[in-house]
Amino acid sequence: MNFRPLYDKILIERLESEEKTVGGIIIPDTAKEKPIEGKVVAIGSGSRSEKTGELMKLEVKVGDKILFGKWSGTEIKLNGKDYLVMKESDVMGIFE
């Protein structure tokens, strides 16, 4: 992939949710909500500290599975695939 996010931005690939409920009901695509879980595909170099100007590395790493807000990020399409670009501050947590 030829895309590198800048500063504190990260590139996310959404992880698809289950197509069935616990009771076995199949959910059609039109009724599904967009997933709020994703995998980090690329990260920026970090942000600068306002006090010292020092580069602060990001907490997330490529390959991390994360949770983010429903309306977070900007949707983009690269090589025919859908991704999200968002600030690291939009990430709620990392699954371990």
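One is the number of the first residue; the rest follow in order along the sequence. Computation of the quantities below employed the complete heavy-atom set of this structure, encompassing side-chain atoms and omitting hydrogens, waters and symmetry-equivalent molecules.
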Straight-line distance of [X] [atom1] to [Y] [atom2], nearest 0.5 Å:
{"X": "N2", "Y": "L78", "atom1": "CG", "atom2": "CG", "value": "9.5 Å"}
{"X": "M86", "Y": "T74", "atom1": "CE", "atom2": "OG1", "value": "9.0 Å"}
{"X": "E75", "Y": "Y83", "atom1": "CD", "atom2": "OH", "value": "13.5 Å"}

Side chains of [X] and [Y]: closer than 4.5 Å at any heavy-atom pair?
{"X": "F68", "Y": "I12", "answer": "yes"}
{"X": "L15", "Y": "K39", "answer": "yes"}
{"X": "I66", "Y": "V60", "answer": "yes"}
{"X": "L11", "Y": "V40", "answer": "no"}

- [ ] Can you sort out the partners of E13 under side chain to side chain donor-acceptor pair (under 3.5 Å), two or more places apart, ordered by chain and number?
- [x] K81
Task: Any residue meeting side chain to side chain donor-acceptor pair (under 3.5 Å) with S49, in chain and number order, not counting sequence neighbours - done: T52
Task: Pair listing, salt bridge (Lys or Arg N to Asp or Glu O under 4.0 Å) test, anchored in residues 2-12, at least two apart - done: none
Open item on the list: For residues 84-96, which residue pairs pass the salt bridge (Lys or Arg N to Asp or Glu O under 4.0 Å) check, not counting sequence neighbours?
Closed with: none
Task: Test side chain to side chain contact (heavy atoms under 4.5 Å, CB included) applied to L67 - qualifying residues, sequence neighbours left out - done: I36, E37, M92, F95
Open item on the list: Between V85 and I10, does the side chain to side chain contact (heavy atoms under 4.5 Å, CB included) criterion hold? Intermediate values first, please.
Closed with: CA-CA 6 Å; V85 176; I10 57 177; over 6 Å; no
Open item on the list: Quick check: is I76 connected to V41 through a chain of hydrophobic side chains (ILVMFWY, heavy atoms under 4.5 Å apart)?
Closed with: yes
Open item on the list: Between L84 and I94, is there shared hydrophobic-cluster membership here, with clusters defined by ILVMFWY side-chain heavy atoms closer than 4.5 Å?
Closed with: yes
Open item on the list: Between R48 and E54 (side chain of the first, backbone of the second, donor and acceptor by atom type, cut-off under 3.5 Å), is there such a pair?
Closed with: no
Open item on the list: Clusters formed by hydrophobic residues whose side-chain heavy atoms approach within less than 4.5 Å: which one holds L55, and what are its other members?
Closed with: none
